[in-house]
Amino acid sequence: MYPSRRRLPLSKAIDKEPEEQFGVQEKRCRFLGAIRIKEILALVMVTIPVLLLIVALFGYDQGNSFVEATRIIRMEPEPNVTSSDDSTLQRDQEQKDSEDLSLLGGLLVSGFKKESCLSRYQSYQYRKASPHKPSLHLLSKLRAYEELHRRCGPGTRPYIKAERLLKPKQTGDSESEGCKYVVWMSFSGLGNRIISIASAFLYAMLTDRVLLVEGGEQLKDLFCEPFLDSTWLLPKDFTLTSQFSGFGQNSAHCHGDMLKKKLINSSSVSSLSHLYLHLAHDYNDQDKMFFCTEDQNLLKNVPWLIMRTNNFFAPSLFLIPSFEEELGMMFPEKGTVFHHLGRYLFHPSNNVWGLITRYYQAYLAKADERIGLQIRVFDEKSGVSPQVTKQIISCVQNEDLLPKLSKGEEQHKQPSEEDVKLKSVLVTSLTTGYFEILKTMYWENPTVTRDVIGINQPSHEGHQQTEKLMHNRKAWAEMYLLSLTDKLVISAWSTFGYVAQGLGGLRAWILYKQENQTNPNPPCGRAMSPDPCFHAPPYYDCKAKRGTDTGKVVPHVRHCEDISWGLKLVDNS
């Protein structure tokens with residue numbers, strides 16, 4: 001193809017005289033060598049001043065100038081080329097990001113054994129990141145509390161010394177170790193237990209006390225330990241455990257009864273080793289004085305406070321002037337108290353976490369949208385209420401949570417795969433009736449949006465069985481599953497729904513309670529905040545010594561959506 005580039009035949013190349021060839025090459029090399037030496041000398045003469053100038057400009061600042069200069073003239077690597085060091089840094093960063101997510105923005109601390117509580121490190125993978133960030137002051141208070149619990153918890157010298165004060169004919173200096181306690185007594189159903197423990201913990205943080213919870217093996221089976229290197233479980237051999245069943249509003253050490261009989265004042269309280277606080281739904285006016293600053297000043301001198309409650313009483317703590325500033329710094333978003341404290345305290349045990357993750361993967365993971373529907377009818381004798389059924393369907397369809405059913409010719413049209421969305425509905429109820437109705441509706445009829453609706457219900461226990469371990473495992477698993485949904489509908493008055501809403505940081509739609517077998521209009525309404533309702537708040541002005549509407553004292557404590565006399569924390573906006 002290229003004749004001009006053909007080589008000489010081998011015979012002709014050999015016939016040429018070797019001397020002739022070498023002579024020409026020798027002359028050529030001498031000539032070129034002379035020229036090259038001159039070029040090199042010239043290049044050196046030009047380069048040396050330039051290098052000196054660069055050094056002079058950048059200087060030898062503390063011996064780093066040469067490094068800095070080389071950084072300037074160093075060529076950048078190709079963008080697609082990653083060194084082994086870069087890969088390691090990237091992996092380290094990804095691991096750090098994962099740890100940050102699992103620690104919920106600093107709410108939790110590392111150091112726990114992962115295998116002992118899988119939910120603590122895996123829950124973030126199942127729930128969207130919360131839009132509500134814990135304040136730096138709250139994080140600081142939690143770290144301080146953890147240190148206090150570690151120093152004063154069960155088994156420590158201060159604990160042993162403080163417990164000795166509870167024994168007959170024992171004296172001691174309760175202030176010597178600086179450790180005081182609030183003991184939460186096991187009471188009511190699981191939802192009430194969860195929200196009341198959160199309230200007791202908030203009170204413990206505000207008063208620099210250590211929270212210990214009664215509940216033994218059952219609480220241990222349901223929840224992981226929340227505090228590193230310590231336990232929050234009240235020891236079985238606690239000195240006063242045998243007296244718990246006898247504690248009541250007429251007990252000798254009941255705070256309210258002692259107020260009523262005028263047996264408690266600043267001088268008499270100093271000799272008390274413990275006081276019983278009755279803060280359950282049936283407490284009286286004297287018991288409610290717990291929420292007054294004057295009584296808080298008395299209580300702070302008592303080493304042991306034994307508390308029975310089934311309420312989320314946090315809203316009334318915001319009305320105590322001595323706590324107001326501290327609570328404002330801890331919770332700039334007032335309606336997120338249970339959201340933060342609930343995620344901090346309540347981590348499902350491995351047994352319960354298995355129930356949660358297996359069900360989620362089987363029925364919820366592949367859905368485009370997850371809807372939670374918690375149904376609790378308190379006054380239903382048996383069977384399914386037609387009025388409640390109508391209320392539920394009206395709520396979910398009017399609020400566009402679930403699509404309406406299609407009727408007519410258009411129902412036979414086949415939608416494209418891109419238009420079809422799968423919505424998984426998680427129903428929790430003690431009975432299966434409402435689940436069966438919804439499942440049949442959306443199986444037998446197409447929807448106007450062509451969305452495919454899957455209706456699922458994990459369990460149907462028939463009635464509440466508070467003392468049964470497996471029943472409580474399922475209840476806790478279902479509360480948690482509801483908290484993982486994108487949109488949530490809950491029943492009025494139900495602490496089961498409050499827990500799910502709070503953990504998920506969701507503003508649920510609340511199914512209003514029916515009166516006289518008639519449907520409320522509208523059937524449901526949006527919650528003002530994720531926090532639970534305080535069902536039995538005090539109506540008393542501690543300063544004025546008279547009754548008052550405590551739902552109108554401050555803008556962030558208002559009446560609940562589902563209980564007109566209840567109190568709820570909301571954001572000022």
Side-chain angles (χ1 to χ4, degrees), residues 109 111 137-186 196-216 219-220 223 225-244 247 253 255 264 266-277 279 290 293 295-309 317 320 322-323 326-327 330 341 344-345:
V109 293
H137 192 70
L138 174 60
L139 300 183
S140 175
K141 290 290 288 186
L142 290 172
R143 301 296 87 86
Y145 175 84
E146 290 159 0
E147 180 57 35
L148 176 68
H149 199 105
R150 195 159 36 244
R151 182 170 62 85
C152 302
T156 63
R157 188 179 70 176
Y159 173 85
I160 295 170
K161 189 171 182 179
E163 190 184 12
R164 195 177 297 136
L165 297 172
L166 300 171
K167 297 178 180 179
K169 298 180 180 179
Q170 292 288 333
T171 60
D173 181 7
S174 61
E175 293 290 339
S176 60
E177 299 284 353
C179 296
K180 296 188 180 73
Y181 302 83
V182 55
V183 176
W184 174 89
M185 295 175 62
S186 182
S196 62
I197 288 175
S199 301
F201 177 65
L202 178 60
Y203 178 70
M205 281 203 296
L206 290 169
T207 56
D208 296 322
R209 291 178 178 270
V210 172
L211 172 69
L212 298 175
V213 295
E214 183 198 16
L219 275 186
K220 186 177 181 180
F223 308 108
E225 289 280 0
F227 310 125
L228 185 63
D229 298 330
S230 188
T231 181
W232 69 337
L233 297 176
L234 185 72
K236 292 181 181 179
D237 60 353
F238 179 62
T239 302
L240 299 181
T241 300
S242 60
Q243 302 178 34
F244 281 180
F247 280 157
H253 283 77
H255 164 249
I264 187 171
S266 56
S267 58
S268 64
V269 77
S270 60
S271 63
L272 294 174
S273 62
H274 71 281
L275 272 176
Y276 167 67
L277 304 172
L279 301 179
F290 168 84
T293 298
D295 284 76
Q296 284 301 318
N297 289 334
L298 292 176
L299 294 175
K300 69 182 180 181
N301 296 315
V302 182
W304 292 90
L305 298 178
I306 317 298
M307 179 184 294
R308 187 196 302 273
T309 179
L317 295 180
I320 300 175
S322 56
F323 296 154
E326 185 72 17
L327 286 168
M330 291 167 67
L341 298 186
Y344 175 80
L345 289 171

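Keep in mind the model is a prediction, meaning the values are calculated, not measured.
Across all non-hydrogen atoms, the minimal contact from Thr156 to Gly153 is OG1-O, 2.7 Å. The heavy-atom pair separating Leu275 from Ile264 by the smallest distance is CD1-CD1, 3.8 Å. A pairwise comparison of heavy atoms in Arg308 and Phe244 identifies NH2-O, 3.4 Å as the closest pair. Scanning both residues, Leu298 and Val302, for their nearest heavy atoms gives O-CG2, 4.1 Å. Summarising the geometry of His137 relative to Glu326, their closest heavy-atom pair is NE2-OE2, 2.8 Å, with the distance given to 0.1 Å. Contact record, Ala198 with Leu345: CA-CD1, 4.0 Å, taken as the closest heavy-atom pair.
Here the side chains of Asp229 and Glu146 are not in contact, with every heavy-atom distance at 4.5 Å or above. Under the 4.5 Å side-chain criterion, counting only non-hydrogen atoms from C-beta, Leu277 is in contact with Leu299. Inter-residue side-chain proximity for Trp232 and Ile197 is flagged as met; some heavy-atom pair is nearer than 4.5 Å. Put simply, the side chain of Gln243 does not reach to within 4.5 Å of the side chain of Ile306, judged on heavy atoms.
Interatomic distance, OG of Ser322 versus CG of Asn297, reported as 6.5 Å (0.5 Å rounding). Once rounded to the nearest 0.5 Å, the distance linking CG of Leu142 with CD of Glu147 reads 13.5 Å. The CZ atom of Phe227 sits 11.0 Å away from the CZ atom of Arg150 when rounded to the nearest 0.5 Å. Atom CG of Leu272 and atom CH2 of Trp304 lie 15.0 Å apart (nearest 0.5 Å). One finds the CG atom of Leu317 at 7.0 Å from the OG atom of Ser199 (value rounded to the nearest 0.5 Å). For the atom pair CG (Leu240) and CD (Glu214), the distance works out to 11.0 Å, reported to the nearest 0.5 Å.
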Starting from the C-alpha separation in whole Å, work towards a yes-or-no answer on side chain to side chain contact (heavy atoms under 4.5 Å, CB included) for Leu233 and Val213.
CA-CA 5 Å; Leu233 297 176; Val213 295; 4.0 Å; yes
Evaluation steps, side chain to side chain contact (heavy atoms under 4.5 Å, CB included), between Thr207 and Lys180:
CA-CA 9 Å; Thr207 56; Lys180 296 188 180 73; over 6 Å; no
Could you go through the side chain to side chain contact (heavy atoms under 4.5 Å, CB included) check for Trp184 and Thr309 one step at a time?
CA-CA 8 Å; Trp184 174 89; Thr309 179; 4.2 Å; yes
Go through it in stages, so that I can follow the logic: the residues are Leu202 and Met330, the test is side chain to side chain contact (heavy atoms under 4.5 Å, CB included), and I'd like the CA-CA distance, side-chain angles, deciding distance and then a yes or no.
CA-CA 10 Å; Leu202 178 60; Met330 291 167 67; 4.0 Å; yes
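Under the 30°/60° scheme for interplanar angles, the aromatic rings of Tyr145 and Phe201 are found to stand perpendicular. Taking the six-membered ring where tryptophan is involved, the planes of His274 and Phe247 are tilted, since the angle between them lies from 30° to 60°. Using cut-offs of 30° and 60° for the angle between ring planes, the Tyr181 and Tyr159 rings count as perpendicular.
Screening Pro226, Ser230, Cys179 for a side-chain contact (heavy atoms from CB on, under 4.5 Å) with His149, the sole residue that qualifies is Ser230.
Note: Tyr203 and Phe290 meet the aromatic proximity criterion, with ring centroids under 6.0 Å apart.
Side-chain N/O atoms of Thr231 and Glu225 include a donor and acceptor closer than 3.5 Å.
In terms of modelled atom types and a separation under 3.5 Å, the side chain of Arg157 and the main chain of Arg151 share no donor-acceptor contact.
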